[in-house]
Protein chains: 2
Amino acid sequence: MSKTSDKTQHGKCLSQMLPVRDALDVISGKWKMMILISIIHGNKRFREIERSIPKITSKVLAKELKDLEEHQLIKRTIYDDYPVLIEYTTTEYVKSLEKVMKQLHIWGVNHRKKMFGK
Amino acid sequence: MSKTSDKTQHGKCLSQMLPVRDALDVISGKWKMMILISIIHGNKRFREIERSIPKITSKVLAKELKDLEEHQLIKRTIYDDYPVLIEYTTTEYVKSLEKVMKQLHIWGVNHRKKMFGK
DNA sequence: TATAGCAGTTACCTAAAAGTAAGCACTATG
DNA sequence: CATAGTGCTTACTTTTAGGTAACTGCTATA
């Protein structure tokens with residue numbers, strides 16, 4: 001195989017890599033997927049989400065919720081009754097992530113089995 | 001809905017979250033998936049992989065290759081001829097990640113479209 | 001004999017992510 | 001009237017990821 005054909009391979013390779021990295025930029029980190037899953041499961045209120053995720057702090061949660069909102073995966077709704085009520089819900093767009101989530105879940109279960117005995 | 005039933009929900013929720021996080025612990029970060037993709041595409045030698053990934057440095061590459069080896073996704077083979085030749089190849093186990101990779105790729109392409117105009 | 005390639009390592013530095021702890025203005029409950 | 005809950009924010013510290021640059025011992029090439 002010549003060096004020239006290697007270079008062509010590298011080009012192809014990049015077009016695989018970059019979108020994968022784009023995706024990971026959005027969903028990676030310790031908390032984002034956990035928060036999304038919590039909301040998908042029906043948790044709506046800030047404290048409710050906070051309690052559903054062990055060890056998360058309000059500071060981190062607040063920041064991550066903003067990020068997820070920017071990425072249009074969740075929306076924040078203010079119900080201006082007394083007392084003011086705020087709800088986080090998923091958007092339609094979150095559905096596009098379901099397959100990714102599913103595969104991550106399957107692989108995670110399997111990997112844990114592989115790593116620390118079945 | 002009672003507070004008791006909420007607590008049951010949170011339990012269910014965790015069993016979804018934890019495997020997803022396990023998976024992300026292995027594949028997240030700026031470089032791991034790019035390195036895997038490079039090797040899958042046929043790059044085998046250290047410098048070859050390095051050149052196939054823009055902006056990566058040898059220090060980071062060396063460290064990430066060790067991590068991937070620990071997770072049994074790649075193997076490092078030493079051919080003790082002259083000069084000593086070292087090759088990185090994927091393991092069988094990497095195949096289990098293919099669906100995850102595929103979904104990340106699909107979602108990444110789509111997300112980029114959504115974010116900065118089609 | 002100088003230069004470049006091989007597969008990394010080393011020491012140092014910066015930036016980003018995350019943790020710690022407290023507090024705010026408000027309401028609801030005992 | 002104290003206590004606890006609401007949805008956060010602020011200031012500060014620690015931890016981790018990643019970047020910079022130089023350098024090693026080896027071989028191959030010009």
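Residue numbering restarts at 1 for every chain, and letters A, B, ... go by the order of the sequence lines. This is a predicted model, so every value here is computed, not measured. Keep in mind that the numbers below use all heavy atoms, side chains included, and drop hydrogens, waters and symmetry copies.
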(Q) What is the separation between atom CG on A:Leu85 and atom P on C:dC26, rounded to the nearest whole Å? (A) 18 Å

Q: Mind running salt bridge (charged side-chain N to carboxylate O under 4.0 Å, His left out) on B:Lys95 and B:Glu92 for me, showing each step along the way?
A: CA-CA 6 Å; B:Lys95 286 184 184 165; B:Glu92 269 298 303; 3.1 Å; yes

**Q.** Side-chain N or O of A:Lys55 closer than 4.0 Å to phosphate OP1/OP2 of C:dA18
**A.** no

Q.
Strictly below 4.0 Å, N to O, side chains only: are A:Lys32 and A:Glu64 in salt-bridge contact?
A. yes

Q) Is it true that A:Asp67 and A:Lys63 make a salt bridge, defined as a side-chain N closer than 4.0 Å to a carboxylate O? A) yes

Q: May I ask you to verify if any side-chain N or O of A:Tyr79 is less than 4.0 angstrom from the OP1 or OP2 atom of D:dG7?
A: no

Q. Separation of B:Phe46 atom CZ from D:dG25 atom P, in whole Å?
A. 18 Å

Q) Tell me: CG of B:Leu24 to P of C:dA18, nearest whole Å? A) 12 Å

**Q.** Side-chain donor/acceptor contact of A:Arg47 with base of D:dG7 under 3.5 Å
**A.** yes

Q. In whole angstrom, what separates B:Lys32's NZ from D:dT16's C1'?
A. 11 Å

(Q) Return whichever of B:Glu87 or A:Lys63 has its heavy-atom-nearest nucleotide of DNA chain C closer to the 5' end. (A) B:Glu87

(Q) Strictly below 4.0 Å: does B:Arg51 bring a side-chain N or O up to OP1 or OP2 of C:dA7? (A) no

(Q) I'd like to know if A:Lys59 reaches the base of C:dG19 with its side chain, counting only an N/O donor and acceptor under 3.5 Å. (A) yes

Q) So, are B:Glu50 and B:Arg47 salt-bridged, with charged N and O less than 4.0 Å apart? A) yes

Q: May I have the distance from A:Arg76 (atom CZ) to D:dT6 (atom P), rounded to whole angstrom?
A: 16 Å

Q) What nucleotide, of C:dT9, C:dA18, D:dG18, holds the atom closest to the side chain of B:Lys66? A) C:dT9

Q | Most 5' of A:Pro83 and A:Gly29 on DNA chain C, judged by nearest nucleotide | A | A:Gly29

Q: Measure from the side-chain heavy atoms of B:Ser58 and tell me the nearest of D:dG18, C:dT9, C:dA18.
A: C:dT9

**Q.** Proximity to the side chain of A:Val60 - top-ranked nucleotide from C:dA18, D:dT20, C:dT20
**A.** C:dA18

Q: Figure out the CD1/C1' separation between A:Ile78 and D:dG7, and round it to whole Å.
A: 11 Å

Q) Rounded to whole angstrom units, what separation is found between the OH atom of B:Tyr88 and the P atom of C:dC6? A) 14 Å

Q. Is it true that a side-chain atom of B:His105 and a backbone atom of B:Met101 form a donor plus acceptor pair closer than 3.5 Å?
A. no

Q.
Strictly below 4.0 Å: does B:Arg45 bring a side-chain N or O up to OP1 or OP2 of C:dA7?
A. yes

Q | Gap between atoms CG and P, on B:Leu61 and D:dA17 respectively (whole Å) | A | 17 Å

